[in-house]
> 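Pasting in a structure now, in structure tokens, and then I'll have a few things to ask.
Predicted, not measured: the structure shown is a model, and the values here were computed from it. Only this structure's heavy atoms are used, side chains among them; waters, hydrogens and symmetry mates stay out.
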Number of protein chains: 4
Amino acid sequence: MEPGSRPSGRRKRTFIEEARRAQIVSAAIRTVAEAGYANASLARIAQHAGISKGVISYHFSGKDELMDRVVEQIYSTIADFVLPRVAEAPDERAALRTHILAVADYMRSNREQLLALAGIFNGVQTPVGAPRYRMAVSEPVYRAIEERLRAGQERGVLRDFDVRVMAVSLQSAIDGMFAYWVTHPDHDLDAHAAELAELIDRSARPDSADSAGST
Amino acid sequence: MEPGSRPSGRRKRTFIEEARRAQIVSAAIRTVAEAGYANASLARIAQHAGISKGVISYHFSGKDELMDRVVEQIYSTIADFVLPRVAEAPDERAALRTHILAVADYMRSNREQLLALAGIFNGVQTPVGAPRYRMAVSEPVYRAIEERLRAGQERGVLRDFDVRVMAVSLQSAIDGMFAYWVTHPDHDLDAHAAELAELIDRSARPDSADSAGST
Amino acid sequence: MEPGSRPSGRRKRTFIEEARRAQIVSAAIRTVAEAGYANASLARIAQHAGISKGVISYHFSGKDELMDRVVEQIYSTIADFVLPRVAEAPDERAALRTHILAVADYMRSNREQLLALAGIFNGVQTPVGAPRYRMAVSEPVYRAIEERLRAGQERGVLRDFDVRVMAVSLQSAIDGMFAYWVTHPDHDLDAHAAELAELIDRSARPDSADSAGST
Amino acid sequence: MEPGSRPSGRRKRTFIEEARRAQIVSAAIRTVAEAGYANASLARIAQHAGISKGVISYHFSGKDELMDRVVEQIYSTIADFVLPRVAEAPDERAALRTHILAVADYMRSNREQLLALAGIFNGVQTPVGAPRYRMAVSEPVYRAIEERLRAGQERGVLRDFDVRVMAVSLQSAIDGMFAYWVTHPDHDLDAHAAELAELIDRSARPDSADSAGST
DNA sequence: GATGAATGAGCCTTCATTCAT
DNA sequence: CATGAATGAAGGCTCATTCAT
């Protein structure tokens, strides 16, 4: 019975098997980042990993599953970096600023993951046009952000905007910042992040507030 | 002598040829929207247009040129709709709001163009990962927005933010709005647009201002 | 009724039609010479001639007929140059030498025709592998040469070799000379021709003869 | 990791892979011989070999490499047959005769190789018209022949002709003999070869010599 | 007579996937 | 567990040819 063939059966994986999967996922990230999703054939990924093409098929049910794991892995790595920092912010308004700066901070040294994500997001589309990855993966992120926003609103440090719109706009602006950075490698990412944080803060703070409290 | 073989010579096109090109571009938009860039093969596009595959090669030098024309066409159509409305706004601060609402207004009835654009933007990538379309095509848009922003700053209706960051963030938030709408067809696009306009206005207006002047 | 559709009906051609055919044949020669037979598409030939693709199909029944006419035309032009010179040779032994030198003389200033011929000869093959052009076109040439050789044998100025083998070898050595010249443009064609003439003379002259009589 | 993708690294090949490559090369020879280079598509070659089209792409980097290997293989097979016989000849003058007879002897039972070579030589052309195969492949052959000729001249068994012209003419006459034979299957190849050997001997022997010494 | 337009077959290649070893 | 080998579909593209205008 092949490992990849079980959608939910979740068999225990051997250590060596996990290692191989991690190695392949990592090679996939590098490959998509370098060559784009369209050119990231299993052959090229295997070559990057220094293994044979068949191995990938053995460990993953197909290209789709591999890409799912890639996205999963990147997201969880980002979360591991960002969440602890955000948790330390004094309040939800400050957390917004921290969130933006931390993500930028992380991505500055992990461009490959950025490129891979972007490549996969738009490269893999279901026929009906609904990008399956973006949705499946973004929803939990939106939820988490919204929860924080709502808490801030209740506590009075954030004004009463639509949390979903804010979450979507925030995430989009961050993505846009990265996209711009990718095409303009000399762009000052940290300065951009700081400026964006200011924009978001102004759009989210209560009417009476000025910007004093959040730096 | 095939039409597509002229690299730059810009030969005069017959009426019927223009019609065919338009028909093919339109079919390409529909196809990319429905199936994603990766699956938008010339065969499928031809099928959508009800013509033979060779016709496309006859009228366009290749898939790349076709996609260039698609992007070009969509952008100019959007501009034709949005720019006149923006020009009527009383000042640059109001223009920001108008811009967002107008684009949303247009896109509400032109979802396909949206999907096609998104598909092409990330589907066509140069090996180094720099999406060639997005950059080439976004730059003029950024420039136009920036000019307006700077004018507003000089006139004092907008505060002194970094115009490039604002332009990128604005455009991203709009794109994000559409992306969300695409995956959530029941989402209230106009309400989202109004809310986004408010966010942007708050982040762009001078410190002393309140939201009174722009509604 | 289209001109090209008559295999043997030989309708009278208008002057303008003949001009077009000549123009197309000439463009075909240039194209095959430059790009090789495989790359000499009707489109490219039409482009060379500055006319539309359809014109060729109108005047010739197909690519095959066009190529037939090309070969025909080149052969007859060569014959027009070579035969008068050969006819002036004092005897058949001298004629051999003259033949070689005259052909070389002609080809030196008509490389394109050479290249075109070579391209067509091997480019167009019938499925059974018997190059149809070479045979159909070479036979009369062999016949003419053989006739002269036989006359020389009867008159005693040539020894008693197999005339067909001599004709084939002579023609091949000439072709080989040109082929070599084509790939080595700096090669001294005239010197080669003179040397080859000596080789042939030695192999064809009667046993008792020395080379004195033929220079 | 596909075998064909290694540009020069010369990886060790498995036995089974070599077998497949040989099988494909052999099928290619048969196909080109039967249908001509232009019609020898990978599809037809695969069909001849009884395998799927993809297999060829798997084992060879492309059609070009396959054809290179075909030429290589044929040449080395011919050399393996001819060279030992030539080496046994008493002197260089006799070697010339042996060379012609041996090649004819070999080709008599390997017509397909002949046809394939001819097809490839002129089928594959660089745009500038310089047949890449013929030159690259013929030069070493010319060199080898010339060396022998020069040795014969120094030893006094051959007269003092231009060795390059002789090599080209000899090779051409042999090729012409085969070409004729191909189009005239009933032609007596051995008789032709004997007659050609006589022609060459006469053109190459020293002035004083008669044909006595070489029969 | 000539053209632009359209066709559809065929080309070489790449690819995800399967399978025997 | 891993590999090399094979498959067959699909991709973009070129081409000779046909035909209405």
> Using modelled atom types and a 3.5 Å cut-off, is there a donor and acceptor pairing between side-chain atoms of D:E112 and backbone atoms of D:I29?
no
> Within the side chain of B:R44, is there an N or O that forms a donor-acceptor pair under 3.5 Å with the backbone of B:N39?
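Side chain of B:R44 to backbone of B:N39, a donor-acceptor pair under 3.5 Å: yes, one is there.
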> Nearest whole Å is fine: how far is F:dC13 P from B:D64 CG?
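About 7 Å, once rounded to whole Å.
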> From E:dA2, F:dT17, E:dA5, pick the nucleotide closest to the side chain of C:V55?
E:dA2
> Nearest nucleotide by nearest heavy atom, which residue falls closer to the 5' end of DNA chain E, C:I16 or D:K53?
C:I16
> It should be established whether C:H59 places a side-chain nitrogen or oxygen under 4.0 Å from OP1 or OP2 of nucleotide E:dA2.
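For E:dA2, OP1 or OP2 has a side-chain N or O of C:H59 closer than 4.0 Å.
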> Atom CG of C:L42 to atom C1' of F:dA16: distance rounded to whole Å?
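From C:L42 CG to F:dA16 C1': 6 Å.
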> Should D:S41 be listed as having a side-chain N or O under 4.0 Å from OP1 or OP2 of E:dC11?
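Yes, such a contact exists.
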> Measure the distance from CD1 on B:I45 to P on F:dC13 and round it to the nearest whole Å.
11 Å
> To the nearest Å, give me how far apart CG (C:L66) and P (F:dT17) are.
10 Å
> What is the separation between atom OH on A:Y58 and atom C1' on F:dA2, rounded to the nearest whole Å?
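That distance rounds to 8 Å.
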> Roughly, in whole Å, what's the span from CD in D:Q23 to C1' in F:dA5?
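Result: 13 Å.
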> Go nucleotide by nucleotide along DNA chain E from the 5' end; which of A:G62 and C:G54 gets its closest nucleotide reached first?
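Its nucleotide being nearer the 5' end, the pick is C:G54.
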> Pick the closest DNA chain F nucleotide for A:R20 and for D:S52 by heavy atoms, then say which residue is nearer the 5' end.
A:R20
> Looking at A:R69 and A:E72, is there a salt bridge between them, counting it only when a charged N and a carboxylate O are closer than 4.0 Å?
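Between A:R69 and A:E72 there is a salt bridge, with a charged N closer than 4.0 Å to a carboxylate O.
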